[in-house]
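Report on the following structure.
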Amino acid sequence: TGGNLTKSWESLRAEAMHCTRCHLHQCATQTVFGEGPLGADIVFVGEQPGDREDLAGRPFVGPAGQLFDRALADAGIDRERTYVTNAVKHFKFERRGKRRIHDKPNAGEIAACRWWIDRELALIRPRITVALGATAAHSLFGRTGTVSTLRGEAHQMPDGTEAWVTVHPSYLLRVRDSRQEEYQKFVEDLRRIGKRSA
Ligand code: URA
């Protein structure tokens with residue numbers, strides 16, 4: 001039942017708050033677990049929490065998350081149909097003075113954190129799983145290709161459900177020349193995913 005599902009998810013999340021499967025918990029403020037309705041049709045997997053997410057304890061609330069929200073709206077995807085989580089659930093960073101600069105998770109950290117995504121996906125059982133960027137693609141599919149080779153076609157999860165790969169929203173914050181074009185391409189990917197998950 002929905003009540004049991006909610007209880008299972010809540011205990012999973014509570015367990016994740018004390019995760020020590022890799023060393024990243026030592027410097028991060030807290031575990032940032034996935035968020036969204038457990039009946040979601042689509043699960044989006046990002047890379048790892050950023051500075052803002054680490055402090056808030058919630059995924060995709062910083063600049064990349066705001067861009068992502070706008071793109072979902074532009075693609076006509078109802079936020080209530082989506083659950084968002086990350087391949088790695090602790091913020092990895094380097095200190096530069098007072099600033100904390102994002103540092104990419106490595107293969108060992110991604111592998112250690114697979115434990116949590118696997119369980120989130122087993123509970124939610126979405127119609128479609130979407131990897132946002134290379135780290136998420138690596139987590140879900142192993143090192144089978146790059147975002148550009150994997151993008152634009154349907155892939156399969158081990159349980160046979162559909163999976164897609166597209167860019168990470170923070171990539172759209174970094175591109176210089178073709179930002180509008182890249183944003184539109186991202187929205188088109190989301191629109192297609194939204195239609196297929198309906
Ligand atoms: N980038 C991510 O991959 N995940 C977040 O939660 C925020 C930024």
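Numbering of ligands and ligand atoms starts at 1, following listing order.
Atom CG of Asp103 is separated from atom CZ of Arg95 by 13.0 Å, given to the nearest 0.5 angstrom.
No N or O atom of Glu53 sits closer than 3.5 Å to an N or O atom of ligand 1. Geometrically, ligand 1 and Phe60 share a nitrogen or oxygen pair separated by less than 3.5 Å.
Taking atom 4 (N) of ligand 1 as the reference point, the nearest protein heavy-atom neighbour is Asn86 OD1, 2.7 Å. For atom 2 (C) of ligand 1, the nearest non-hydrogen atom of the protein is Gln48 O, 3.0 Å.
Remark: aromatic rings of Phe186 and Tyr171 are distant, center separation not under 6.0 Å.
Interface of Gly46 with ligand 1, defined as ligand atoms under 4.0 Å from a residue heavy atom, comprises 3 (O). Listed by atom number, the atoms of ligand 1 under 4.0 Å from His168 heavy atoms are 1 (N), 2 (C), 3 (O). Residue Pro59 has at least one heavy-atom neighbour below 4.0 Å for each of these atoms of ligand 1: 6 (O). For ligand 1, the atoms closer than 4.0 angstrom to any heavy atom of Glu47 are 2 (C), 3 (O).
For His25, there are no ring pair (Phe, Tyr, Trp, His ring centres under 6.0 Å) partners two or more places apart in sequence or in a different chain.
In this structure, Phe33 and Trp116 have perpendicular ring planes: the angle between them is above 60°, well past the 30° mark.
Ion pair Asp54/Arg100 flagged as a salt bridge, since at least one NZ, NE, NH1 or NH2 atom sits closer than 4.0 Å to an Asp/Glu carboxylate oxygen.
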As a quick check of understanding, evaluate salt bridge (Lys or Arg N to Asp or Glu O under 4.0 Å) for Arg179 and Glu182, giving each step before the final call. CA-CA 5 Å; Arg179 185 174 296 188; Glu182 288 298 321; over 6 Å; no

